[in-house]
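Heads up, the thing below is written out as structure tokens.
Whatever order the structure lists them in is the order used to number ligands and atoms, beginning at 1. For reference, positions follow the sequence shown, starting with 1.
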Amino acid sequence: MKYSVIICYLLPENGEDIQVLRYEHGQKYDPHYDYFVDKVNIARGGHRVATVLMYLTDVAKGGETVFPSAEQETSHRKAPVENDDLSECAKKGIAVKPRRGDALLFFSLLPNATPDTSSLHAGCPVIEGEKWSATKWIHVDSFDKNLAAGGNCTDLNGSCERWAALGECTKNPEYMVGSPELPGYCRRSCKVC
Ligand code: PD2
Ligand code: ZN
């Protein structure tokens, strides 16, 4: 039999700072992927590989996190009666009802490190009560490191040349040039590499 072993490290330095979200009645998080498709975001720590979503409150009605494109394994299917508890939005996919103290871990990349389109997810509208959650996004590499900065001297934004001509390298050095720890996005156009 052919098989492969996948080793996935979720190291502390690969994580972004925790982001706390508060949803009031009617508020939601539209469907999205947590992985990025643009070079600039991928440059810092590479793709987001995993998300840990912590629920800080119970929510009386709504506020579920729903995965509309995911397929549930038959062995993990829940009893239909539990569905009564879910909002209409949550019934459109696999849903997790927020419960204070619970955490949801999901992956946005496939084992071959390419984006997993079935990781599409959303926060359903809060129907009753208030929802607080905390998100920890974890990258494939250190989030303190700009992977594109290594030896190659490149711009990470198509507008770098124009911005450099307008004097942005000196007006906005943090973004344009950066520092040795966290190189900027327009190092080539700013002639610092
Ligand atoms: O708070 C949520 O349920 C939620 C839903 C979708 C949070 C995120 N995405 C996120 O922080 O990425
Ligand atoms: Zn998300």
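- Here the straight-line distance linking atom NE2 of His121 with atom CG of Asp30 works out to 11.5 Å at 0.5 Å rounding.
- For the Zn ion (ligand 2), the count of nearby protein N, O or S atoms, meaning those under 2.8 Å away, is 3.
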Might you work through the salt bridge (charged side-chain N to carboxylate O under 4.0 Å, His left out) test for Arg22 and Glu130, ending with a clear yes or no? CA-CA 7 Å; Arg22 173 178 174 237; Glu130 193 182 46; 2.8 Å; yes

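- When all heavy atoms of Ser189 and Asp155 are compared, the pair lying nearest together is OG-OD2, 2.6 Å.
- Between Tyr33 and Tyr35, the ring planes are parallel. Angles under 30° get that label, and only those over 60° would be called perpendicular.
- A distance-only check finds a donor-acceptor pair linking the side chain of Lys131 to the backbone of Gly63 [under 3.5 Å].
- The aromatic rings of Tyr175 and Tyr185 sit tilted relative to each other, their planes meeting at an angle between 30° and 60°.
- The heavy-atom pair separating Leu110 from Pro115 by the smallest distance is CD1-O, 3.9 Å.
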Assess the residue pair Cys186 and Cys169 against the criterion (disulfide bond (SG atoms under 2.5 Å apart)); give the C-alpha distance rounded to whole Å, side-chain angles, the decisive distance to 0.1 Å, and a yes or no. CA-CA 8 Å; Cys186 300; Cys169 299; over 6 Å; no

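- Protein neighbours of ligand 1 below 4.0 Å, counting non-hydrogen atoms: Leu21, Tyr23, Tyr29, His32, Asp34, Leu53, Thr65, His121, Ala122, Gly123, Lys131, Ser133, Thr135, Trp137.
- Two different hydrophobic clusters hold Leu104 and Leu21 under the rule that ILVMFWY side chains link at heavy-atom gaps under 4.5 Å.
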